[in-house]
Amino acid sequence: MDNAENLIALLVAAPLLGAVVLLLGGRRLDRTGHWVGTALAGASFVVAVVLFTEMLGRPGDDRTLYQHLFSWIPVGGFQADVAFQLDQLSMTFVLLITGVGSLIHLYSVGYMEHDERRRRFFGYLNLFLAAMLLLVLADNYLLLYVGWEGVGLASYLLIGFWQHKPSAATAAKKAFLVNRVGDMGLSLAIMVMFTTFGTFAFGPVLDSTGSASEGTLTALGLLLLLAACGKSAQVPLQSWLGDAMEGPTPVSALIHAATMVTAGVYLITRSGAIFDAAPAAQLAVVTVGAVTLLFGAIVGCAKDDIKKALAGSTMSQIGYMILAAGLGPVGYAFAIMHLVTHGFFKAGLFLGAGSVMHGMNDEVDMRRYGGLRRYMPITFVTFGLGYLAIIGFPGLSGFFSKDKIIEAAFAKGGTEGWILGGAALLGAAITAFYMTRVMLMTFFGEKRWQPDAKGELPHPHESPRTMTAPMIVLAFGSVFAGGLLSWHESFVKWLEPVTGFDHGHAPLGAAAITTATVAAMVLGVALAYLQYGRRPVPATPPRGSLLTRAARRDLLQDDLNHVVLVRGGEHLTRSLVYVDHSLVDGVVNGTAASFGGLSGRLRKLQNGYARTYAVTMFGGAAVLIAATLLMRAV
Amino acid sequence: MNPVNYLYLAALLFTIGASGVLIRRNAIVVFMCIELMLNACNLSLVAFSRMHGNLDGQIIAFFTMVVAAAEVVVGLAIIVSLFRSRHSASVDDASLMKL
Amino acid sequence: MSALAAAASTGEAVQFWVLGTVAVVGALGTILMKKAVHSALCLAATMIILAVFYLANGAYFLGVVQIIVYTGAIMMLFLFVVMLVGVTAADSLKETLKGQRWWAALCGIGFGVLMIAGIGQASLGPGAFVGLGEANAAGNVQGLAALIFTKYVFAFEATGALLITAAVGAMVLTHRERTERARTQRELAEQRVREASAPPSAAPHPASADYGWKLPTPLPAPGVYARHNAVDIAGLLPDGTPSELTVSKTLRDRGQIRDVSREALNDLRALEQRSEERLGRDCDELDRGGRGEGQEAGR
């Protein structure tokens, strides 16, 4: 195929067409709309696979495809194009997005079966796919920004999909607002880019990083990091992800676990050249990653809401990726690899959680589950495989990717290396702990089922085939993806033309780190088993330690935001209003009042009587004579 | 006698005329006072003519008369039409510019 | 001629002081007289005196023009308008604007004092006056004409345009547009008959002034018989009552009707009696009839 480039636009066009048709099509599509959406997502996946095979047929350094659609904003020296760039990095994302996206579309067909606004849901999902594909396919930062905002919009719409619930509406608003902070970073970064390099296409910008000062690059890196923090829910902009679980579970799986939240990792990896030239920015990135991976893990330990526990986990896993991406060429490939494997197992876990909720009358509190393994065998098995993958059980996906990240972290060298590696190792242990906790509380132990609002005890049952099929596929991914990608370092080699690669030198041997990782995992599992497997789980949460209570409140992130931003903002606006009222308005009103009073008095001179005016004129004439005489006298 | 006395007389007449404009309400009388002021000016112009020994002052006085005639024609026409519409010749009644 | 000299002669001084006083008095009269007519007359006097002063200053042409144009034409125009507006209406000299008189006095005195001080300061001694002897050598009118038609010809033309404009302007200002066709004699007559043929429902006695029924004919003439045809005496109806309709409306409104019917009858009777006495005839018949008529009129 000589003109495979022309297919790239089709990747975006198919889901976009779906979104347009579904959102504008009206009620006549209510009965078939979900299949239309799923088919178009599948079509996009097929195109992606075709392009992938085409790409594999080329030599390693000639795999980048370009497609220039049209000049978007040509103004003088400002040239913004709608053009696509499909290289190995984009290809990885495209396959993940369309593949997992198609599976989740299929899953949603069953999951949203009883929702009367299902057509609209699929329209939003397709819109999300289109925007996400635009994000990863764009060949310049401005078009990337369009996709970036598009996924933000889709995320907002889908989190608030059940807008009749105030919590969902609030969560959507929160996600949108927090994301705006990050978006501001990205838009500023694009502006800085334009003023520095005169363009914002990936190629010219990333090739000419040497021409910019390190200060500029550091600023650019920090701004991009801010953007990544907003979209990927990293500290300090992570607060929205937990609340985003108000959206339907397929949304949580697709957007808030597998794809959109990884856009930050994509952005950092894509801008690798900038970060490589700005060590300070890289340090900030790894710090954010390390802090978030612990933060998310701790939050995940305390949550009783199964989706929020998984959300904490997502945050933590993306922290791993950001950490890896911040390490430079040593880590880019592993960041993306972990991203892919995480996409499989976390989507699988979320779909499993959705399946559990589906069977438990939409109950989300894990303290009211228990013993479900017998009632939902398929869900149990797929969820279990995802669980083993995420804790890094040897041989499964997570093991390969996470182990590499920990190794890369140690390879950073010096004190930093030890701190980062230690944090990653600790994170692995906590991951094992909280995931084991989820597993045990949900599928093992005794039944702690509670009647729902209508007073009916739930009747757990296996989900329909449209839901289990995607779960099974994702479970396969969870098990084999890691091994496949690590086979003879195939993935690293695949990405190397784009991101570069560097083996690094860990202070410990690879075997030692692997052993430590497995040991940490076993430790976490064991601790969790001691606490939740051996002892009955109380139906009401115990008071817990200070850390537990703080973690239940997202480690006081919301309180901090409230105190610093909301209260601070209120005080600021109040004082500004006071200043405005007393000072600005005072000056304005005072001027107006004094002029009004003055003119009120002057007005009386204008009484309309010609004779009064004549007196004035005559007096004026007298004054003129006086002045003339005076001037002559002087 | 010093002919400059004509100037003093002219100044006096002018001041009297101006005061009349200020004091009187009847538009016709006000108009007469204006004529008085013009005449005072003419007197001073004639005196200046004598002072300088040429006739330019008289010429200007002559033009003043012509202009005064034109002015009287228009002014009286205004007064008449004003009287027709308001049945009054008081300048105070024409105070529509008042707020 | 004294005016040709630079300095004024004694005769001119006497003339100045006498006429100057009169001029000031006239000016004061202009602004102080209550009636506009009196003001106009005072102003005319002042203007005539100014004309004399012009003559005394060697401005012969101007002096004559002053009398013809100002005193003759303009002041007559003023008098016309005064008559038009109402000659009898006296102005109230009571000031209505607050503080106006004080301000006027202040400004007037200040202005006058300053002017006179200014003239005094100019130190114009008798030597400052050149005199018009040389300028008027070829005659004042000739001198003026030479200037007007040479040096000031454009200004002169402009004043011509100004005068025409003023004339047209005055016509425009006082002109009233007729908005409908004038009615013809025939239409007026027809209207008159039409209105008279529709009598009001409750018509008062035809003798009353309130008689609303328009007569198709001219109103009856005043006067009673040939001896009393004065306009202020109401005519008598056949029954002896006076009809107010016969007296002009102005007199009726002023209440200046002389009701003389009885007096006239008495006069008539006296006349008859005298003629009877002279002729030696009895006048009983007449007396009876006259008394009866008198009673009717008294009612």
Side-chain angles (χ1 to χ4, degrees), chain B residues 1-9 11-20 22-26 28-29 31-33 35-36 39-40 42-43 46-47 49-56 58-59 61-63 65-74 76-81 83-84 89 92, chain C residues 8 12-13 16 20 23-24 27-28 30-31 36 39-40 43 46-47 50 53-54 57-59 62 65 69-70 74 77-78 81-82 84-85 91 96 100-101 104 108 111-112 115-116 119 124-126 128-132 134-135 143-144 147-148 152 155 159 162-163 166-167 169-170 173-174:
Chain B
M1 184 200 77
N2 189 338
V4 81
N5 285 348
Y6 288 113
L7 295 180
Y8 289 122
L9 177 66
L12 194 57
L13 291 179
F14 187 91
T15 310
I16 291 172
S19 306
L22 302 186
I23 293 169
R24 296 303 297 257
R25 281 196 298 279
N26 189 335
I28 302 170
V29 180
F31 216 10
M32 288 181 204
C33 294
E35 294 302 318
L36 183 61
N39 272 288
N42 280 351
L43 179 61
V46 169
S49 172
R50 181 179 179 185
M51 185 169 95
H52 292 295
N54 59 32
L55 295 174
D56 294 85
Q58 293 187 17
I59 296 280
F62 172 69
F63 282 135
M65 280 186 194
V66 179
V67 173
E71 176 221 332
V72 163
V73 169
V74 177
L76 288 177
I78 291 173
I79 290 176
V80 167
S81 56
F83 185 77
R84 269 189 202 155
D92 286 357
Chain C
E12 194 188 347
F16 175 81
V24 171
L28 287 174
T30 306
I31 71 167
S39 290
L43 183 62
T46 307
M47 283 177 172
L50 287 183
F53 284 158
Y54 292 171
N57 275 308
L62 276 190
V65 168
V69 173
Y70 255 117
I74 295 183
L77 210 53
F78 267 108
V81 175
V82 169
L84 208 62
V85 167
D91 291 355
T96 48
Q100 171 77 9
R101 206 156 270 187
F111 186 86
M115 282 273 270
I116 288 166
I119 298 168
L124 297 166
F129 282 75
V130 176
L132 284 169
E134 198 178 328
L144 282 180
L147 275 177
I148 283 177
Y152 293 100
T159 42
L162 177 72
L163 280 175
L173 277 173
T174 51

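As the structure is a prediction and not an experimental result, all values here were calculated from the model. Residue numbering restarts at 1 for every chain, and letters A, B, ... go by the order of the sequence lines.
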S.K.: Answer with side chain, backbone, both or neither: which region of B:Phe62 has an atom nearer than 4.5 Å to a non-hydrogen atom of chain C?
M.R.: both
S.K.: Can you tell me how far the CZ atom of C:Phe16 sits from the CG atom of B:Asn5, to the nearest 0.5 Å?
M.R.: 4.5 Å
S.K.: Measuring heavy-atom distances to chain C, does B:Leu13 have an atom under 4.5 Å in its side chain, in its backbone, in both, or in neither?
M.R.: side chain
S.K.: Identify which part of B:Ala18 has an atom lying under 4.5 Å from any heavy atom of chain C, answering side chain, backbone, both or neither.
M.R.: neither
S.K.: With a 4.5 angstrom heavy-atom cut-off, could you sort out which part of B:Phe14 is near chain C: side chain, backbone, both or neither?
M.R.: side chain
S.K.: Counting only heavy atoms closer than 4.5 Å, note whether B:Val80 contacts chain C via side chain, backbone, both or neither.
M.R.: side chain
S.K.: Is C:Asn57 reaching over with its side chain to a backbone N or O of C:Ala59, donor-acceptor style, under 3.5 angstrom?
M.R.: no
S.K.: Using a cut-off of under 4.5 Å for heavy-atom pairs, which of C:Leu162, C:Val65, C:Val69 has the most such pairs with chain B?
M.R.: C:Leu162
S.K.: Under a 4.5 Å cutoff for heavy-atom pairs, which residue among B:Val74, B:Val4, B:Val73 has the most contacts with chain C?
M.R.: B:Val4
S.K.: Quick one: what part of B:Asp92 sits under 4.5 Å from any heavy atom of chain C, side chain, backbone, both or neither?
M.R.: side chain
S.K.: When rounded to the nearest 0.5 angstrom, what distance separates CZ in C:Phe78 from CG in B:Leu76?
M.R.: 5.0 Å
S.K.: Chain B heavy atoms under 4.5 Å from C:Leu43: which part of the residue, side chain, backbone, both or neither?
M.R.: side chain
S.K.: Under a 4.5 Å heavy-atom cutoff, which of C:Leu144, C:Leu163, C:Thr30 has the most pairs with chain B?
M.R.: C:Leu144
S.K.: Could you check which of B:Leu7, B:Ile79, B:Leu12 has the highest count of heavy-atom pairs closer than 4.5 Å to chain C?
M.R.: B:Leu7
S.K.: Could you tell me the separation between the CG atom of C:Leu147 and the CG atom of B:Asp56, rounded to the nearest 0.5 Å?
M.R.: 5.5 Å
S.K.: For the candidates B:Met51, B:Arg25, B:Glu71, B:Glu35, which exhibits the highest count of non-hydrogen atom pairs separated by less than 4.5 Å from chain C?
M.R.: B:Met51
S.K.: Could you give me the CA-CA distance, side-chain angles and deciding distance for B:Met65 and C:Ile74, then say whether side-chain contact (heavy atoms from CB on, under 4.5 Å) is met?
M.R.: CA-CA 10 Å; B:Met65 280 186 194; C:Ile74 295 183; over 6 Å; no
S.K.: Relative to chain B, which segment of C:Thr46 carries a heavy atom at a distance below 4.5 Å: side chain, backbone, both, or neither?
M.R.: side chain
S.K.: May I ask you to test the B:Asn39-C:Tyr54 pair for a side-chain heavy-atom distance under 4.5 Å?
M.R.: yes
S.K.: Tell me, for B:Val29 versus chain C, whether the close heavy atoms (under 4.5 Å) come from the side chain, the backbone, both or neither.
M.R.: side chain
S.K.: Tell me, out of B:Ser49, B:Ala61, B:Ser19, who's got the most heavy-atom pairs with chain C below 4.5 Å.
M.R.: B:Ser49
